[in-house]
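Each chain gets a letter, A, B and so on, in the order the sequences are listed, and its residues count up from 1. Reckoned from all heavy atoms, side chains included, excluding hydrogens, waters and symmetry mates.
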2 protein chains.
Amino acid sequence: MARVQRDGGDDSAPTTELPAVRGQGPPAVNGRANGRGAPIPADKARVIPEAAVARLAVYLRVLSGMAEQGAVTVSSEELATAAGVNSAKLRKDISYIGTYGTRGVGYEVDVLTSEIERVLGLTRQQKVAVVGIGNLGHALANYGGFPGRGFPVEALFDVDPDLIGIPVGGLPVNHIDDIPDICATRAIAIGVIATPPTAAQAVCDRLVEGGVHCVLNFAPVVLGVPEHVEVRKVDLAIELQILSFHVARNAEQRASRRTAAARASSNGEVV
Amino acid sequence: MARVQRDGGDDSAPTTELPAVRGQGPPAVNGRANGRGAPIPADKARVIPEAAVARLAVYLRVLSGMAEQGAVTVSSEELATAAGVNSAKLRKDISYIGTYGTRGVGYEVDVLTSEIERVLGLTRQQKVAVVGIGNLGHALANYGGFPGRGFPVEALFDVDPDLIGIPVGGLPVNHIDDIPDICATRAIAIGVIATPPTAAQAVCDRLVEGGVHCVLNFAPVVLGVPEHVEVRKVDLAIELQILSFHVARNAEQRASRRTAAARASSNGEVV
DNA sequence: CGGATTTTGTGCACGCATTCACAAGCGGCT
DNA sequence: AGCCGCTTGTGAATGCGTGCACAAAATCCG
Ligand SMILES: NC(=O)c1ccc[n+]([C@@H]2O[C@H](COP(=O)([O-])OP(=O)(O)OC[C@H]3O[C@@H](n4cnc5c(N)ncnc54)[C@H](O)[C@@H]3O)[C@@H](O)[C@H]2O)c1
Ligand SMILES: NC(=O)c1ccc[n+]([C@@H]2O[C@H](COP(=O)([O-])OP(=O)(O)OC[C@H]3O[C@@H](n4cnc5c(N)ncnc54)[C@H](O)[C@@H]3O)[C@@H](O)[C@H]2O)c1
């Protein structure tokens with residue numbers, strides 16, 4: 001199962017700048033077959049499915065845990081079970097970004113890590129701004145997991161005068177009127193919206209004005225944005241409601257099974 | 001207009017062993033005698049697609065906003081644009097739960113609201129427990145949006161002795177050793193895990209022990225659970241990485257377009 | 001050196017989800 | 001009453017994602 005090879009404690013360098021493609025080896029034996037470590041089918045502009053991108057990020061996290069434990073290679077089966085997916089799906093996901101495995105052996109942990117980081121754009125740090133430093137905003141600003149993964153929080157904004165200037169997580173809070181300026185000058189790549197829903201659209205507009213192309217929205221509203229801006233939403237109430245649906249469905253199934261059982265047991269008897 | 005908010009990528013639940021009873025498409029004409037407000041096609045397999053459930057929750061929120069503004073009826077087109085989806089998709093989603101519209105008019109806001117609430121199991125309150133009262137746990141415990149939507153937070157847990165007994169959001173923090181007992185006695189339906197990743201699996205096991213069938217997990221780990229337990233995860237780092245991927249992809253596209261343009265212009269071609 | 005063994009990469013089939021397009025149905029108007 | 005315009009509900013087509021199954025590599029071993 002989760003067999004880890006302990007071999008030479010390597011310091012896992014988190015920020016690998018180079019793709020570390022080892023393609024310079026022998027020329028391809030076959031015109032069609034690609035050697036080991038093919039970056040991507042060069043001419044074929046392969047579009048990675050959205051669902052696969054999400055899973056690649058999961059693989060990346062699992063890989064980093066394995067690297068810390070000294071694993072050098074990992075098979076698709078191991079990685080898949082650790083990530084909670086089917087191994088065929090994992091291999092297909094990886095095949096979208098190239099062929100980095102060795103048949104009969106598996107994947108080199110560090111190679112796979114760098115390649116996934118490359119396609120996810122994690123070789124360059126993506127600066128983050130958080131708007132709305134309330135309950136949720138505080139948690140996000142204080143969270144150490146983002147800078148550690150290449151997402152430094154570099155600006156905080158709120159409208160509350162009592163908050164302006166106060167440092168949160170080592171960073172002072174700015175006024176939302178400064179969003180366009182500060183985002184532009186600091187080259188913020190991702191804006192996180194943690195304001196009340198009523199303020200979310202206005203905040204989003206200012207982020208876009210400041211040149212932010214990606215928005216992560218925690219407010220339960222549908223944001224309107226220009227074509228080139230990417231919005232993802234995290235709606236906790238909806239997550240709870242989806243869970244609630246499953247509760248209801250299971251309860252219903254149990255009830256109908258109970259009814260069926262009762263009917264069966266009273267079979268032949270007039271009710 | 002063409003401003004659409006992409007839905008958050010839904011995770012494939014690690015426990016996808018759904019038998020998915022088939023048997024759709026008997027040549028029998030489906031019930032024609034449904035007057036207005038047919039609850040559901042009684043015999044027909046009532047499997048609502050997962051993706052549709054998530055959207056129904058969105059419609060519900062939009063509907064509640066419309067009801068507050070005094071709207072009595074709403075057309076699929078209005079509701080769809082407000083929810084950021086295609087109107088045909090909206091109608092199909094609603095058709096999964098029954099036929100509650102009036103042709104030529106639209107849907108009655110309150111009727112549609114109750115029906116969606118019914119299928120989502122929101123007629124009964126689902127009690128929630130939060131484990132791990134740190135940054136994120138505090139925000140969740142203090143958040144007023146959950147009780148207001150039928151998800152009262154009725155238990156808090158942590159391992160930190162300094163926190164035990166302290167009230168957060170009006171509710172005292174209990175020790176994690178009491179999770180099974182308290183969850184069972186208070187009939188907790190949903191457990192929210194906001195502990196460090198290392199503690200998440202142990203916490204999850206205790207929640208299951210306490211009879212909790214639904215878990216919302218904020219810790220970046222893959223949880224192993226019995227068959228009958230439903231887990232949804234919210235992984236903010238992965239959301240950021242997906243956004244990062246789009247940054248990278250767009251940058252790449254722009255770069256290649258620039259290259260192509262440069263080539264074209266140096267080629268004497270008119271762009 | 002050849003065969004056994006292991007594991008990748010992917011062709012293929014299937015099922016779910018999305019979107020289109022339109023008949024059916026309903027209310028209002030004449 | 002009968003027609004007309006509007007909107008729903010849904011068959012059908014298309015596209016996407018998933019998982020199986022297997023050939024193609026690569027290593028190991030005798
Ligand atoms: N806290 C949670 O657990 C939770 C859960 C689900 C959803 N949410 C959503 O996340 C958002 C934030 O939640 P919260 O609990 O942190 O709320 P909060 O009230 O604690 O914080 C909101 C913050 O936004 C600031 N703000 C208000 N108007 C603003 C504006 N126009 N521009 C900038 N900042 C403004 C306020 O000053 C405050 O600091 C809300 O939309 C909420 O619905 C929160
Ligand atoms: N804060 C964020 O914005 C954020 C963002 C993304 C992910 N997360 C994840 O959410 C989780 C919580 O984040 P946080 O920032 O609130 O962390 P935190 O360190 O502020 O809080 C963790 C809490 O869990 C408690 N705890 C530790 N071990 C426990 C155990 N065995 N049982 C019960 N409680 C235990 C701690 O006492 C602490 O109160 C983490 O897994 C983190 O990776 C947080």
Distances under 3.5 Å between nitrogen or oxygen atoms of protein and nucleotides 5-8 of chain D:
unit_1 : atom_1 : unit_2   : atom_2 : d
D:dT7  : O4'    : B:Gly104 : N      : 2.9
D:dT8  : OP1    : B:Ser76  : N      : 2.5
D:dT8  : OP2    : B:Ser76  : OG     : 2.5
D:dT8  : O2     : B:Arg103 : NH1    : 2.8

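- Residues in residues 216-238 of chain B take part in these ring pair (Phe, Tyr, Trp, His ring centres under 6.0 Å) pairs, two or more places apart or across chains: B:His213-B:His228.
- The CD1 atom of A:Ile48 sits 15 Å away from the P atom of D:dC16 (whole-angstrom rounding).
- Here the P atom of nucleotide C:dT7 and the CD atom of A:Glu108 are 16 Å apart, to the nearest Å.
- Taking a cutoff of 4.0 Å between a charged side-chain nitrogen and a carboxylate oxygen, A:Glu50 and A:Arg232 qualify as a salt bridge.
- As rounded to whole Å, 11 Å separates atom P of C:dT8 from atom CG of A:Leu112.
- Taking the nucleotide of DNA chain C with the nearest heavy atom to each of B:Lys92 and A:Lys92, the more 5' of the two is matched to A:Lys92.
- A:Asp205 meets the side chain to side chain donor-acceptor pair (under 3.5 Å) test with A:Gln201; sequence neighbours excluded.
- For C:dA17, the OP1/OP2 oxygens have no side-chain nitrogen or oxygen of B:Asn86 closer than 4.0 Å.
- Side-chain nitrogen and oxygen atoms of B:Lys89 include at least one within less than 4.0 Å of the OP1 or OP2 phosphate oxygen of C:dT19.
- Screening residues 56-76 of chain B for salt bridge (Lys or Arg N to Asp or Glu O under 4.0 Å), with sequence neighbours left out, gives A:Asp235-B:Arg61.
- The separation between A:Ile94 atom CD1 and C:dT10 atom C1' is 14 Å, rounded to whole Å.
- Atom CG of A:Leu90 is separated from atom P of D:dC20 by 14 Å (rounded to the nearest Å).
- Not counting sequence neighbours, the partners of B:Ser75 by the side-chain contact (heavy atoms from CB on, under 4.5 Å) test are B:Glu77, B:Glu78.
- Among the nucleotides D:dT10, D:dG17, D:dG19, the one closest to the side chain of A:Pro49 is D:dG17.
- The nearest whole Å value for the distance from the CD atom in A:Glu50 to the P atom in C:dC16 is 22 Å.
- Not counting sequence neighbours, A:Phe245 has no partner by the ring pair (Phe, Tyr, Trp, His ring centres under 6.0 Å) test.
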